[in-house]
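Below is one structure, written out as structure tokens, with a few remarks after it.
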2 protein chains.
Amino acid sequence: MARQKQTELAVLGVLGVQPMSGYAVRAAIRDQLGFFWSESFGQIYPTLSALHARGEVEKHDGARPGSSLYSLTPTGRRRMLSLLEQPDSPTPRRDGFMLRLFFGRSLGPDACRELVAQARESAAHQLAVYQAIRAQVESETEYAEHKAYWLITLSAGEHTTRAAIAWADETLEKLDLSRGAYLL
Amino acid sequence: MARQKQTELAVLGVLGVQPMSGYAVRAAIRDQLGFFWSESFGQIYPTLSALHARGEVEKHDGARPGSSLYSLTPTGRRRMLSLLEQPDSPTPRRDGFMLRLFFGRSLGPDACRELVAQARESAAHQLAVYQAIRAQVESETEYAEHKAYWLITLSAGEHTTRAAIAWADETLEKLDLSRGAYLL
DNA sequence: TCATTCATGTAAGTGGTTACATGATTCA
DNA sequence: TGAATCATGTAACCACTTACATGAATGA
């Protein structure tokens, strides 16, 4: 799937849950999909215009003057479904942290240790955030069916983050051993 | 750290292990860093030129006519070190698979199950690849110090992938339960 | 009244991929 | 002899971010 269409999918997707403004679309993506997706205004507004031009979303007057509420048309819903079914072509990974660690020999064991320790901290923090969100989502009473899928993606985040912590702990140990060897 | 400089870091980094041609730089990045980094020719050659213009790499005649061997100059090595020490600013995540799953309610439980099952398969395959590479790297006798860091990044991949498998298994179970409930 | 949030949009720039063009060398 | 690999580079395009510009509404 062309990567461009993924932005359209994200926008159509959140609009499929309920109608909202462009600003709210961004907030929804940031707050609900933020851990594995992001869109900026510079993407959202033009996408919304294009979607509107193609009749996939409807534009209504919003609560404030100048603001608009967008909602999916039947065409839009069909489009979302068809995008959803297309296999995604993942963007090539570019993990700066791993890149640094790979060249760790040049960085030196101390700096590497620091890097991994920081990564461990931020993963631990992330895990706490996930769990706070989980509690919040679980207590939510609306969108019961959608909730289940939200929790599934959250759970993926939790698994990955716990793995990151375990890896960091293991790596710190290795690094300490080799540092010990180095100091002999 | 500006994202652009990361390409320079990757190029300087592999050149820091040993001098090689632009073509070989790409091969090294693909084969050794491929799981968490990627560069295309369209990036590598211009970067190499820029690095050369700034005196960070030296250009020597390669084995074939028209081919070049690039190696780090002392300036280049210092530059690599300084880039290595700068904190990285991660690109925002865009995980198309999670995006789809988040909108799973629209996709339907069967299609979701299929999606997750596929993800599980590809993770299992990935894990086998990691382990093959691990065996190969471990048997390598050169670059002993560098090897340790390579294995550390490999281990990160293994942890993440095992977590993905565990998550998939858990999720498949959940999905089957809810599908059962749906069918009642 | 003043900061914050809601709201919409554009312009410039960046970082990157893809496809193309070209040609030598190696090896089956 | 012909396919695969080694080798270098460019041009067009793409998705996306950042910064900017603007202004109304809300609420402390």
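In what follows, every chain begins at residue 1, and chains take the letters A, B, ... in the order their sequences are listed.
Atoms CG (A/Asp61) and P (D/dA24) sit 17 Å apart, rounded to a whole Å. The distance between atom CD of A/Gln6 and atom P of D/dT17, rounded to the nearest whole Å, is 13 Å. C/dT17 atom C1' lies 12 Å from atom CD1 of B/Ile44, rounded to whole Å. The distance from atom CD of A/Gln43 to atom P of D/dA19 is 16 Å, rounded to the nearest whole Å. Regarding B/Asp31, its CG atom lies at a distance of 12 Å from the P atom of D/dT5, rounded to whole Å. Atom NZ of B/Lys5 and atom C1' of C/dT14 are 13 Å apart (whole Å).
Residues satisfying the ring-ring contact (aromatic ring centres under 6.0 Å, His included) test with A/Phe36, not counting sequence neighbours, are none. For B/Tyr70, there are no ring-ring contact (aromatic ring centres under 6.0 Å, His included) partners two or more places apart in sequence or in a different chain.
Judged as a salt bridge (Lys or Arg N to Asp or Glu O under 4.0 Å), the pairs with a partner in residues 164-173 of chain B (not counting sequence neighbours) are, in order, B/Arg120-B/Asp169. Applying the ring-ring contact (aromatic ring centres under 6.0 Å, His included) test to every pair with at least one member in residues 106-132 of chain A, sequence neighbours left out, gives these pairs: A/Phe35-A/Tyr130.
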Can you give each donor-acceptor pair under 3.5 Å made by side-chain atoms of residues 10-34 of chain B, sequence neighbours left out, with the distance rounded to 0.1 Å?
{"from": "B/Gln18", "atom 1": "OE1", "to": "B/Tyr143", "atom 2": "OH", "distance (Å)": "3.4"}
{"from": "B/Gln18", "atom 1": "NE2", "to": "B/Tyr143", "atom 2": "OH", "distance (Å)": "3.2"}
{"from": "B/Ser21", "atom 1": "OG", "to": "B/Ala24", "atom 2": "N", "distance (Å)": "3.1"}

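The closest side-chain donor-acceptor pair between A/Thr161 and A/Gln126, if any, does not fall under 3.5 angstrom.
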*Quick one: what's the B/S/- string for nucleotides 6-13 of chain D, heavy-atom cutoff under 4.0 Å, read 5' to 3'?*
BBBBB---
